[in-house]
Amino acid sequence: MKIILASASPRRRELMRYITEDFEAVSLDCDENLPEDIPPMEASEYLAVLKAKAAAEKFPDCVVIGCDTTVICGSEILGKPKDRAQCIADISKLSGRTHQVVTGCCIISGGRVSSFSEVTDVTFRELAAAEIESYADTDEPYDKAGGYGIQGLGSALISHIDGDFFNVVGLPVGRLFNEMKKVES
């Protein structure tokens with residue numbers, strides 16, 4: 001069966017190639033508003049299911065994969081920074097702390113819906129204000145949840161991680177590969 005990755009993320013598309021070259025990436029508009037009472041740790045999986053279901057309507061005879069990644073600091077979801085001030089505020093919140101990166105994935109195949117979340121703990125080193133401002137002056141933070149890219153300049157902000165590196169980039173490659181094998185059998 002043809003595989004559809006319902007994602008506009010170039011990083012996710014690149015990581016999907018570690019699993020298979022035989023897929024098509026599509027970007028679909030769907031309502032990504034979260035219910036007010038949803039626990040932050042469940043937000044990514046909720047949005048991944050919405051994205052996968054929207055794609056499955058257009059591609060009913062395919063295996064569809066929807067994904068979403070959130071950065072959670074305490075009980076707050078840090079989205080993509082809208083501007084430099086928000087980027088500085090978000091990176092300042094992460095400085096010297098451990099936060100969670102959660103990627104939710106949903107696989108729809110033959111009407112069956114399977115979803116999961118992968119969590120990675122990321123610890124930032126204590127950052128000086130000048131370091132944060134310098135990072136905010138790059139183009140890197142503005143299309144990434146939490147305002148940083150672990151696979152780029154943002155790697156210098158990080159002390160260590162506990163969990164799947166690729167999950168922080170936006171796709172838990174190993175877990176998704178294994179979950180896809182379950183769906184195929």
Side-chain angles (χ1 to χ4, degrees), residues 1-73 75-83 86-87 90 99-120 139-151 164 166-184:
M1 278 177 112
K2 183 175 181 178
I3 298 171
I4 301 293
L5 176 64
S7 178
S9 166
R11 292 164 300 280
R12 210 170 268 135
R13 291 172 183 197
E14 183 180 324
L15 292 175
M16 186 66 185
R17 287 187 185 95
Y18 292 151
I19 297 172
T20 181
E21 289 283 341
D22 190 23
F23 73 95
E24 179 182 345
V26 299
S27 179
L28 298 167
D29 288 328
C30 72
D31 179 13
E32 293 190 35
N33 290 315
L34 292 168
E36 285 185 32
D37 59 342
I38 192 165
M41 295 295 280
E42 295 176 16
S44 288
E45 192 168 334
Y46 174 87
L47 292 173
V49 170
L50 284 182
K51 292 175 183 181
K53 286 183 175 179
E57 286 181 16
K58 292 193 181 233
F59 303 95
D61 297 328
C62 299
V63 174
V64 174
I65 301 167
C67 305
D68 190 80
T69 301
T70 52
V71 171
I72 302 168
C73 185
S75 61
E76 180 183 3
I77 295 174
L78 302 181
K80 297 174 184 175
K82 295 177 180 72
D83 55 30
Q86 184 181 4
C87 179
D90 287 351
H99 63 278
Q100 287 66 48
V101 177
V102 182
T103 299
C105 295
C106 177
I107 305 167
I108 299 178
S109 178
R112 291 178 298 167
V113 179
S114 171
S115 64
F116 66 90
S117 292
E118 184 72 20
V119 181
T120 302
D139 292 334
E140 188 173 273
Y142 299 98
D143 69 337
K144 295 168 185 67
Y148 71 94
I150 193 171
Q151 73 283 7
D164 183 345
F166 293 123
N167 186 54
V168 183
V169 180
L171 193 73
V173 174
R175 175 97 184 260
L176 180 59
F177 175 79
N178 288 320
E179 295 293 332
M180 287 175 65
K181 284 185 357 187
K182 289 179 193 174
V183 169
E184 291 171 1

If the condition is salt bridge (Lys or Arg N to Asp or Glu O under 4.0 Å), which residues does Glu24 pass it with, not counting sequence neighbours?
Lys2
For Glu179, give me all partners under salt bridge (Lys or Arg N to Asp or Glu O under 4.0 Å), at least two apart in sequence or on another chain.
Arg175, Lys182
Can you list every ring pair (Phe, Tyr, Trp, His ring centres under 6.0 Å) pair that touches residues 12-57, not counting sequence neighbours?
Tyr18-Phe166
Atom pair NZ/SG of Lys51 and Cys67 - distance to nearest 0.5 Å
8.0 Å
Any non-hydrogen side-chain atom of Asp31 less than 4.5 Å from a side-chain atom of Leu50?
no
Thr70 and Pro40, any side-chain heavy atoms less than 4.5 Å apart
no
Smallest heavy-atom separation, Asp68 atom then Glu32 atom, equals OD1-OE1, 4.1 Å
Quick check: does any side chain N or O of Thr120 sit under 3.5 Å from a backbone N or O of Asp164, one acting as donor and the other as acceptor?
yes
Measuring from atom CD of Glu57 to atom CD1 of Ile108, what distance do you get when rounded to the nearest 0.5 angstrom?
9.0 Å
Least distance between heavy atoms, Gly170 atom then Leu15 atom:
N-CD1, 4.4 Å
Please find the pair of heavy atoms, one from Ala54 and one from Cys30, that lie closest to each other, and give the distance.
CB-CB, 4.0 Å
Salt bridge (Lys or Arg N to Asp or Glu O under 4.0 Å) partners for Lys58, two or more places apart
none
Can you tell me how far apart CE (Met1) and CG (Asp22) are? Round to the nearest 0.5 Å.
12.5 Å
Between Ala55 and Ala6, which heavy-atom pair has the shortest distance, and what is it?
CB-CB, 3.7 Å
Tell me whether the count of non-hydrogen atoms from other residues, nucleotides or ligands lying under 6.0 Å of CG in Asp83 goes above 12.
yes
Run the side-chain hydrogen bond (donor to acceptor under 3.5 Å, both in side chains) test against Ser115 and tell me which residues pass, sequence neighbours left out.
Glu45
CG-CG distance between Leu171 and Leu5, expressed to the nearest 0.5 angstrom:
7.0 Å
Is a side-chain N or O of Asp90 found less than 3.5 angstrom from the main chain of Leu78, in a donor-acceptor match?
no
Partners passing salt bridge (Lys or Arg N to Asp or Glu O under 4.0 Å) against Arg11 (at least two apart in sequence or in another chain):
Asp143
State, with a plain yes or no, whether a side-chain heavy atom of Tyr148 is found less than 4.5 Å away from one of Lys144.
no
Got Met180 and Ile65 here, is their nearest side-chain heavy-atom distance under 4.5 Å?
yes
All heavy atoms of Ile72 vs all of Ile77, minimum pair found to be CG1-CG1, 4.2 Å
For Val169 and Ile150, run side chain to side chain contact (heavy atoms under 4.5 Å, CB included): C-alpha distance rounded to whole Å, both residues' side-chain angles, the deciding distance at 0.1 Å, then the answer.
CA-CA 6 Å; Val169 180; Ile150 193 171; 3.7 Å; yes
Output for pair (Glu140 CD, Cys87 SG), nearest 0.5 Å, gives 9.5 Å
Do Ser109 side-chain atoms and Val183 backbone N/O form a donor-acceptor pair below 3.5 Å?
no
Specify the closest pair of heavy atoms between Asn167 and Thr69, including all atoms of both residues, with the distance to one decimal.
O-CG2, 4.3 Å
Atom pair CD/CG of Glu42 and Asp37 - distance to nearest 0.5 Å
9.5 Å
